[in-house]
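Down below is the structure, laid out as structure tokens.
Quick note on labels: first sequence line is chain A, next is B, and so on, each numbered from 1.
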Amino acid sequence: MDWTLLVIQTLNGLQLGVLLFLLAAGLTLVFGIMDFINLAHGSLYMVGAFFCATVASLTGSFLLGVLAALPLTFAVGLAVELVVVRRLYARDHLDHVLATFGLILFFDAATQLIWGPEGIAISLPGFLDGRVSLGPGIEFPTYRLVIILVGLAVAAGLAYVVGATRIGMLIRAGASNRRMLGALGVDVNRLFTVVFATGATLAGLAGLMMAPITGAYVGMGNNILIVALVVIIIGGIGSVRGAFIAALVIGMIDTMGRAFLDSAMKLVLSAQNAETAAPALSAMLIYILMAGILAVRPRGLFAPKGR
Amino acid sequence: MVVSLRFGVTLGVLAGFAVLPILTELFDQPYYLDIAMRMMCLAIAAVSLNLALGFGGMVSFGHAVFIGIGAYAVGIPAYYGEYSGFIQIPLAMGAAGLFALVTGAICLRTRGVYFIMITLAFAQMAFFALVSIEEYGGDDGLVIDTRSEFGGLIDLEQTATLYYLILAALIVSLYLVRRIVASRFGRVIRGAKSNDERAQAIGLDSYRYRLACYVISGALCGLAGALLGNFTGFISPDMMDWTRSGELIFMVVLGGAGSLFGPVLGAAAFLILEEFLSSLTIHWQIIFGPLLILMVLYGRGGIDGLLGGGAGDRHG
């Protein structure tokens, strides 16, 4: 085993994990309080990336792009909640899925109309573009390291806000019994609007951080959304802690599977068979994990009690 | 005898499908025949999804995977030179049913939103597996150069023959679902949908009934996929993309979930809408998406509800 490669792949797995957490946190909070399932969360990821890319290419500064994109994505989240989502709380999950599917179609088409089908590339500022040395022979792209640090910082901040502040207390109270919370005089609708838009901003943050790596393109949020859904299913829908653990596990397993599964399978299979089967199997790995966990615990690992 | 509006529309649409090849031949518009064949294939898929979703209350967000399996059950044997429809069609239904059995056994342990998400995730799993298998074209898909052969009994290379085979399959599917829903089995399924505790309290193992229903639904959807593969002559993982599953749910709800014929109307309306809007602008989804949202917000019961159907009790 090559240790350098192992360290680098571990960091890559961590990077995917924190990105998934940023997406999953909004999804799971929104579900926890309002029992609302939002498929269009991936669209906000895309919108964040496009806002950042546009401002960055206009001003020439990636950091200005980031600073502008976050409030803009917050505003889009606010608009989506006020115009569409708010009317759906009283409905069943089938209606949530269908209506937010409609939102995805709308957002993808609108993005294509505004920014064109090619998408936008973002270049990084010089101080983020290099590599840092993490030890003898181990070099890792600076920017990916920054993604990991930002993701971990946001996770810590979120844990503080949810666990130790007044608004966090309201969020937890809303998750365990929102009617009681309303009866105690808290404006649950306003609380939810804020939570929804904050979740949107986190998704936007994830999207704009990915944009310098993959570019901003139409439909970029759709596939990663499914993985984020797998994360919240495994973590237990409604649990931020579960989402964090599951996101890191999924990020790690997916990355490791793609990196090492073919060499692992060559130990037991012929080289040719391993090379055919490994890509398919590594693509399926996280879903197999999900199936295994749900077979034992149908509500995920850390499902909040009393739901 | 008073013929209800719903019954009239049902007969009218089926009769329309039956005479369409004559009309397109007469006016030399083969393009409309293609749309009608797509419509009928997707209608079979929507009818099968409706059995699980509308009657059984199982909101499967991965039904397009069965279309894909059915299509690949035609494409992969054809890739190896096996063109017999007597092998391909049972393989399509069998493989789709088996996938439904294995994944359904896990999915049905969960409820509500978990069920929606896990069916979606399993479909994604199959999607990515097919994308990464280079042998069968991966992302680029597979061309089916020869349609299923039925030992000289019928010749699907003639478009009209394929057309009537699809129409016959649609009618048989509708008849089958009607018989299932009306049977004791169907009553258990519907009963468990409206109150599962009660169904279990009177001694019914509703899990097994649901699973059987899910498998039947998957197999029927596999048939739709096999026919669609024969019709398009080209199959790719894109057929089981999750947005396709979303479109199938849309067809069912648009037509009226829990009504027998609603999904056929839904599939027809969906494709007509798609054709019409995409002829206006390439950004047609910018209109289509909001229409979908408006339908969810204000269009209870779907088209079937408009026609006075009472079966659209999807919120039961």
>> Other residues, nucleotides and ligands only: do more than 12 of their heavy atoms fall within 6.0 Å of CZ on A/Phe106?
In response: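 No, because the 6.0 Å sphere around CZ of A/Phe106 holds 12 heavy atoms or fewer from other groups.
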>> Counting heavy-atom pairs under 4.5 Å with chain B, which one of A/Ile226, A/Ile233, A/Asn223, A/Leu229 comes out on top?
In response: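 The answer is A/Ile226.
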Between chain A and each of [options], count heavy-atom pairs under 4.5 Å; write down the option with the most.
{"options": "B/Thr281, B/Ile133, B/Val59, B/Ile118", "result": "B/Ile118"}
{"options": "B/Ile282, B/Ile293, B/Leu294, B/Ile287", "result": "B/Ile293"}
{"options": "B/Ala129, B/Ala105, B/Ala121", "result": "B/Ala121"}

Non-hydrogen atoms of [X] and [Y] that approach each other most closely:
{"X": "A/Val97", "Y": "B/Phe61", "result": "CG1-CE1, 3.0 Å"}
{"X": "B/Met125", "Y": "A/Met284", "result": "CG-CG, 3.5 Å"}
{"X": "A/Pro298", "Y": "B/Arg109", "result": "CG-NH2, 3.6 Å"}
{"X": "A/Arg299", "Y": "B/Tyr114", "result": "O-OH, 3.0 Å"}
{"X": "B/Ile106", "Y": "A/Ala295", "result": "CG2-N, 4.5 Å"}
{"X": "A/Phe101", "Y": "B/Trp242", "result": "CD1-CZ3, 4.4 Å"}

Check whether [X] gets within reach of chain B through its side chain, its backbone, both or neither, counting any heavy atom under 4.5 Å.
{"X": "A/Val83", "result": "neither"}
{"X": "A/Leu281", "result": "neither"}
{"X": "A/Asp108", "result": "neither"}

> In terms of heavy-atom proximity below 4.5 Å to chain A, should B/Glu135 be classed as side chain, backbone, both, or neither?
Replying inline: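 Nothing of B/Glu135, per the 4.5 Å heavy-atom cut-off to chain A.
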>> At a 4.5 Å cut-off on heavy atoms, which part of B/Thr103 comes close to chain A: side chain, backbone, both, or neither?
In response: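 Looking at B/Thr103, nothing touches chain A.
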Working to the nearest 0.5 angstrom, can you tell me the gap between [X] [atom1] and [Y] [atom2]?
{"X": "A/Leu113", "Y": "B/Gln285", "atom1": "CG", "atom2": "CD", "value": "12.5 Å"}
{"X": "B/Leu120", "Y": "A/Leu225", "atom1": "CG", "atom2": "CG", "value": "8.0 Å"}
{"X": "A/Leu105", "Y": "B/Phe250", "atom1": "CG", "atom2": "CZ", "value": "8.5 Å"}

> What do the steps show when you test A/Leu94 against B/Leu53 for side chain to side chain contact (heavy atoms under 4.5 Å, CB included), and what is the final call?
Replying inline: CA-CA 10 Å; A/Leu94 176 61; B/Leu53 190 157; 4.0 Å; yes
> Between A/His96 and B/Ile116, does a side chain to side chain contact (heavy atoms under 4.5 Å, CB included) hold up when you go through it step by step?
Replying inline: CA-CA 11 Å; A/His96 300 170; B/Ile116 301 177; over 6 Å; no
> Any side-chain heavy atom of B/Leu297 sitting closer than 4.5 Å to one from A/Leu88?
Replying inline: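 They are in side-chain contact.
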> Can you find a pair of side-chain heavy atoms, one from A/Ile37 and one from B/Met117, that are under 4.5 Å apart?
Replying inline: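 Yes - at least one pair of side-chain heavy atoms lies under 4.5 Å apart.
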